[in-house]
2 protein chains.
Amino acid sequence: MVDKQRPDKQRVEKTRRKPGETRDKLMTAALELVGKGRHFASLGIREVTRQAGVVPTSFYRHFRNMDDLGLQLVDELGLVLRRMMREARANVLQADKLMEESVGIFISHVQANRSFFLFMAQGLAGESRAVQDGIRSEMRFFATELANDLRRLRLAEHLSDADLEMTCDLVVRSVAFSLTDLLGVSPEDDYQIDQVRKRTTRFLQLIFVGAAHWKSADLKSR
Amino acid sequence: MVDKQRPDKQRVEKTRRKPGETRDKLMTAALELVGKGRHFASLGIREVTRQAGVVPTSFYRHFRNMDDLGLQLVDELGLVLRRMMREARANVLQADKLMEESVGIFISHVQANRSFFLFMAQGLAGESRAVQDGIRSEMRFFATELANDLRRLRLAEHLSDADLEMTCDLVVRSVAFSLTDLLGVSPEDDYQIDQVRKRTTRFLQLIFVGAAHWKSADLKSR
DNA sequence: AAGTGTTGTGTACAAGTGTTCACTAATGTG
DNA sequence: CACATTAGTGAACACTTGTACACAACACTT
């Protein structure tokens with residue numbers, strides 16, 4: 001039971017020495033387990049180290065506990081989101097297809113980093129408070145960046161800063177919720193995925209129609 | 001489930017015999033733990049029975065495993081939601097205050113059933129697939145009921161059924177997301193709670209402004 | 001070349017885990 | 001009333017869990 005896995009040849013030499021090797025292995029292992037349907041909150045140290053092919057004690061060389069590992073995962077999640085944003089900025093050319101293309105990019109990134117987004121969706125509610133706040137702050141950052149882009153593209157000239165920020169906040173939330181739809185269907189179910197894509201796009205369109213008529217329409221109700 | 005625990009006198013006699021006594025105690029115990037910050041996915045049978053003041057074996061008299069308990073909690077959650085809907089229907093009189101009042105009712109119900117909604121927010125992403133689907137279907141039901149109400153109140157006459165349904169779906173999602181905001185702040189922090197209330201209300205207003213101008217504005221982009 | 005900190009390993013242990021089993025008391029049905 | 005059913009109990013099982021400790025191999029500086 002101890003060395004169930006060790007099909008290697010010369011791994012038998014006790015220790016290996018790549019820089020953050022084991023650390024990455026542990027984080028990846030946690031993500032793998034999440035990807036397999038486990039909930040992050042239910043993962044244990046031993047379980048993760050087992051999945052990573054590492055002895056339990058090694059865990060403590062890199063993390064204090066599972067929450068700590070979760071926090072570091074949030075940081076990496078931030079990188080993934082920034083990559084996504086960069087790609088969106090580079091690829092969305094005409095304004096009229098802005099939403100379709102953005103949603104498309106989002107969906108393909110989710111597919112490419114399924115476990116990561118699974119972890120994000122899980123962390124949003126529950127889990128350690130720190131992880132929760134981390135994810136929330138990533139979303140805020142995303143929303144303000146989106147607002148900046150819309151300003152830059154002159155697509156929201158009639159909105160006050162506060163109203164624009166609110167709109168973007170709502171956009172990000174809607175997309176984040178679609179995330180849970182997307183993660184609920186199998187990655188091969190192209191039909192369902194397309195349904196999510198269409199629905200999300202229409203949500204965004206509805207929101208922007210609302211934004212376009214915002215000031216003019218409702219001002220009375222505070 | 002109603003009266004959480006029973007500081008009774010003559011409990012010392014071995015066994016008691018109320019109908020679903022222990023079953024309710026177990027469900028309540030799970031909710032209590034969730035309310036204390038634990039994540040449902042990380043709860044164990046022994047932990048729950050301990051909190052309920054019951055011997056571990058009793059658990060199996062009522063549930064096959066924790067997922068089963070979760071499923072039954074979803075059912076009760078449905079009742080809570082329906083109560084909320086009924087109250088909203090009874091109390092929302094004038095259409096112009098519709099959103100403020102609805103959001104208010106929502107928030108007060110969340111405060112009154114904090115653990116329940118905590119469980120719901122957690123179950124939305126992650127957890128057993130069955131629980132996830134259950135919650136999702138509760139939300140769908142909620143959305144269609146909302147659509148019916150809006151039809152009945154003649155507040156959405158210019159929208160097609162499909163568009164109305166989409167709008168209500170978006171509304172429910174936005175409110176559900178606000179749920180996680182609300183659960184993130186302490187129940188005594190009235191200022192923050194009011195912030196959430198205002199933000200959520202404005203989200204809904206924005207959505208309905210969009211819905212009001214929907215057909216006319218965007219039809220081309222299918 | 002020697003020393004120093006870092007990372008990984010093996011062993012160990014006390015607690016906690018899910019589940020089974022045989023038991024007992026209360027309840028509802030005949 | 002008798003009796004089958006149900007809902008509770010305690011002891012026992014085979015594991016798994018988090019964490020501690022002492023040690024070994026490597027990567028750095030000196």
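Order of the sequence lines sets the chain letters (A, B, ...), proteins ahead of strands, with each chain counted from 1.
Pairing of dT9(C), defined by two Watson-Crick or G-U wobble distances under 3.5 Å, is identified with dA22(D).
In this entry the distance linking CE of M66(B) with C1' of dT17(C) reads 13 Å, nearest Å. In this structure, CG of L26(B) is placed 14 Å from C1' of dT9(D), rounded to the nearest angstrom. As a whole-Å value, the separation of F59(A) CZ from dT17(D) P is 13 Å. If you take CG of L69(B) and C1' of dG18(C), they are 15 Å apart, rounded to a whole angstrom. Here dG16(C) presents its C1' atom at 8 Å from CZ of R50(B), a figure rounded to the nearest Å. When rounded to the nearest whole Å, the span between NE2 of H62(A) and C1' of dG5(C) equals 14 Å. In this entry the distance linking CZ of R38(B) with C1' of dG16(C) reads 13 Å, nearest Å. Distance, E47(B) CD to dT17(D) P: 15 Å, rounded to whole Å.
Ion pairing of D169(A) with R199(B) is present here, as a side-chain N (NZ or NE/NH1/NH2) and a carboxylate O approach within less than 4.0 Å.
Both L43(A) and V54(B) sit near DNA chain D, but only V54(B) has its closest nucleotide nearer the 5' end.
Distance CD/Q122(B) to OG1/T180(B): 12.0 Å, rounded to 0.5 Å. Note that CG of L33(A) is 5.5 Å distant from CD of E47(A), once rounded to the nearest 0.5 Å.
Within the structure, every pair that satisfies the ring pair (Phe, Tyr, Trp, His ring centres under 6.0 Å) test and touches residues 119-138 of chain B, not counting sequence neighbours, is listed here: F40(B)-F119(B).
A side chain to side chain donor-acceptor pair (under 3.5 Å) with Q51(B) is found for exactly one of R38(B), E32(B), R46(B), K25(B), namely E32(B). S128(A) pairs in a side-chain contact (heavy atoms from CB on, under 4.5 Å) with only one of the listed residues (N65(A), D67(A), D68(A)), which is D67(A).
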Dump the pairs, protein N or O against N or O of nucleotides 19-23 of chain C, anything under 3.5 Å, distances to one decimal.
residue: dT19(C); atom: OP2; partner: Y60(B); partner atom: OH; Å: 2.7
residue: dT19(C); atom: O5'; partner: Y60(B); partner atom: OH; Å: 3.4
residue: dT19(C); atom: O4; partner: R46(B); partner atom: NH1; Å: 3.4

- Item | Test log, rule salt bridge (charged side-chain N to carboxylate O under 4.0 Å, His left out), inputs E138(B) and R82(B) | CA-CA 10 Å; E138(B) 290 293 339; R82(B) 264 150 256 250; 2.7 Å; yes

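Within the structure, every side-chain polar atom (N or O) of R23(A) is placed at least 4.0 Å from both OP1 and OP2 of dT6(C).
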